[in-house]
Novice: 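Attaching a single structure in structure tokens format; questions to follow.
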There are 2 protein chains.
Amino acid sequence: MSSRHADTRQHILDTGNRIIAAKGFSCVGLNELLQASEVPKGSFYHYFKSKERFGQALLEDYFDSYLRQLDALLEAPGLTARERLLRYFQQWRATQAEEGDEQKCLVVKLGAEVADLSEAMRVTLRDGTERIIGRLAGCIAAGVADATLPQLDADASARMLYQMWLGASLLAKLQRNASPLDQAWAATLQRLSA
Amino acid sequence: MSSRHADTRQHILDTGNRIIAAKGFSCVGLNELLQASEVPKGSFYHYFKSKERFGQALLEDYFDSYLRQLDALLEAPGLTARERLLRYFQQWRATQAEEGDEQKCLVVKLGAEVADLSEAMRVTLRDGTERIIGRLAGCIAAGVADATLPQLDADASARMLYQMWLGASLLAKLQRNASPLDQAWAATLQRLSA
DNA sequence: GGTGCAATTAGACCAGTCGTCTAGAGCCGA
DNA sequence: TCGGCTCTAGACGACTGGTCTAATTGCACC
């Protein structure tokens with residue numbers, strides 16, 4: 001696999017991410033995608049077997065990069081586990097609240113649409129969210145260990161928080177307003193206190 | 001407006017609900033919808049100005065019926081406010097966990113997809129969810145008043161619970177598994193206790 | 001420079017898209 | 001019986017959808 005090959009593939013993926021995060025998966029036709037990436041249609045099927053496989057690759061790429069950032073955040077040195085966890089949610093809130101047409105979190109944007117459309121994409125989303133929850137649970141466990149968090153069931157708390165933030169992002173999207181995220185932030189603080 | 005008129009219109013809406021709740025809005029073409037409802041295309045455009053307006057009507061109809069059921073549930077006589085509220089979430093859990101391809105909650109299924117697609121549909125979803133949250137807040141306030149619930153900020157709690165359940169439904173959809181809903185149930189009980 | 005093979009592209013293909021439009025069927029009051 | 005509505009029927013147009021095959025390109029090796 002030449003570097004040019006990898007480049008073009010990644011370029012289609014990056015462009016796809018931008019467009020699909022704004023419009024959804026089914027709504028975006030190959031034409032639009034290819035025109036935006038300035039890649040001829042024929043090439044697309046060289047790099048991806050089908051639109052569905054492309055979508056799956058898009059999600060894999062998304063989760064890889066998301067988890068990389070998440071790991072960097074949750075392993076930041078010189079902070080307590082509590083601080084690291086809160087920074088993650090604070091950042092979620094900030095990212096979601098940003099201006100811009102595209103939905104930053106592909107789980108929110110594509111989850112419901114794609115789950116019934118493609119089993120492969122559903123599984124990719126499921127596994128990705130499980131990995132995210134796993135990292136959060138790890139950080140909560142560390143917080144319990146270093147006593148910066150109260151005695152919590154790490155896994156259950158991680159799941160509950162993640163769910164709540166997903167719902168908050170969805171509601172924020174409907175309202176075009178960050179207040180559901182503020183709501184989630186307040187509830188998060190409450191949950192992570194005594 | 002003759003009753004036949006209302007019937008056909010409602011019939012298209014009902015069929016549309018079934019199909020769109022399973023596949024999403026963009027994914028379902030008029031042909032599929034019309035074939036399933038056994039209504040000719042000409043009629044469709046008699047009753048609805050466009051596919052988008054149809055989608056909006058679908059959501060309005062959905063929220064109307066949802067709120068009717070919700071009101072029945074939250075005003076059930078002979079139960080404390082706490083019991084009525086818990087019954088709602090219990091029912092949410094039961095409904096979501098049911099077998100069947102379609103997503104029962106259109107907010108979960110269509111929210112993210114439609115918010116960036118159609119301003120009219122987004123606003124309909126926003127207003128509908130606000131009304132739901134309003135009812136929940138009312139019930140929580142009643143629970144605080146009749147002392148079956150602890151002292152809670154009714155509005156904030158309603159929002160937080162609704163968000164969490166939305167996220168839980170999304171995750172349950174990805175996992176094809178009710179455990180996120182059990183999680184939400186546990187967190188709900190915790191929140192509504194002391 | 002020439003050869004052979006893989007990587008890449010161009011575009012044909014047709015089923016499907018939404019929406020328009022015309023023609024007429026059915027109904028109802030006068 | 002007529003006039004005038006609402007509603008149905010479905011052909012049609014202009015276009016987009018994803019897919020695939022055949023042609024072209026680029027490159028390594030001789």
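Naming convention: chains lettered A, B, ... in sequence-line order (proteins, then strands); numbering from 1 in each chain.
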Novice: Would you confirm whether the ring centroid of A:Tyr88 sits within less than 6.0 angstrom of the ring centroid of A:Trp165?
Specialist: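 They do not qualify: ring centres at least 6.0 Å apart.
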Novice: Please list, chain by chain and in numerical order, all residues satisfying ring pair (Phe, Tyr, Trp, His ring centres under 6.0 Å) with A:Phe63, sequence neighbours excluded.
Specialist: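 Ring pair (Phe, Tyr, Trp, His ring centres under 6.0 Å) list for A:Phe63, sorted by chain: empty.
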Novice: Could you walk me through whether B:Ile132 and B:Arg135 pass the side chain to side chain contact (heavy atoms under 4.5 Å, CB included) test, one step at a time?
Specialist: CA-CA 5 Å; B:Ile132 294 172; B:Arg135 308 297 165 101; 5.8 Å; no
Novice: Just by protein heavy atoms under 4.0 Å, how would nucleotides 12-25 of chain D read 5' to 3' in B, S and -?
Specialist: -----SBB------
Novice: Using a cut-off of less than 4.0 Å, is there contact between a side-chain N or O of B:Thr8 and OP1 or OP2 of D:dT8?
Specialist: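 Yes, such a contact exists.
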Novice: Evaluate the criterion side-chain hydrogen bond (donor to acceptor under 3.5 Å, both in side chains) for residue pair A:Gln103 and A:Gln96; output intermediate values, then yes/no.
Specialist: CA-CA 7 Å; A:Gln103 170 65 43; A:Gln96 290 288 327; 3.0 Å; yes
Novice: Considering non-hydrogen atoms only, spot the tightest contact between A:Pro150 and A:Val144 and give its length.
Specialist: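 Heavy atoms only, the tightest pair is O-CG2, 3.4 Å.
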Novice: With sequence neighbours excluded, what pairs up with A:Glu102 under the side-chain hydrogen bond (donor to acceptor under 3.5 Å, both in side chains) test?
Specialist: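 So A:Glu102 forms no side-chain hydrogen bond (donor to acceptor under 3.5 Å, both in side chains) with any residue.
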Novice: Using heavy atoms and a sub-4.0 Å distance, could you list which residues of residues 13-21 of chain A are near DNA chain D? By number, please.
Specialist: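 Contacts with DNA chain D under 4.0 Å: none.
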Novice: For C:dA7, does OP1 or OP2 lie under 4.0 Å from any side-chain N or O of A:Tyr47?
Specialist: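 For A:Tyr47, the contact criterion (side-chain N or O under 4.0 Å from OP1 or OP2 of C:dA7) is not met.
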Novice: Taking side-chain hydrogen bond (donor to acceptor under 3.5 Å, both in side chains) as the definition, give me every residue that meets it alongside B:Asp14, ordered by chain and number, with sequence neighbours left out.
Specialist: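 B:Asp14: side-chain hydrogen bond (donor to acceptor under 3.5 Å, both in side chains) contacts with B:Gln10.
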Novice: Tell me whether the side-chain N/O atoms of A:His46 come closer than 4.0 Å to OP1 or OP2 in C:dT8.
Specialist: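 Answer yes for this pair, as a side-chain N or O of A:His46 is under 4.0 Å from OP1 or OP2.
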Novice: For B:Gln35 and D:dA9, what is the distance between atoms CD and P respectively, to the nearest whole Å?
Specialist: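 Distance check: B:Gln35 CD to D:dA9 P gives 14 Å.
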Novice: Test of understanding: with side-chain contact (heavy atoms from CB on, under 4.5 Å), list the residues that count as partners of B:Ala156, not counting sequence neighbours.
Specialist: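 side-chain contact (heavy atoms from CB on, under 4.5 Å) list for B:Ala156, sorted by chain: A:Gln183, B:Asp153.
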Novice: Any side-chain N or O of B:Ser43 less than 4.0 Å from the OP1 or OP2 oxygen of D:dC7?
Specialist: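 Result: no.
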Novice: How close or far is atom C1' of C:dC18 from atom CG of B:Leu117, stated in whole angstroms?
Specialist: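 About 13 Å, once rounded to whole Å.
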Novice: Distance check needed: C:dG19 C1' versus B:Arg53 CZ, whole Å only.
Specialist: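 Result: 15 Å.
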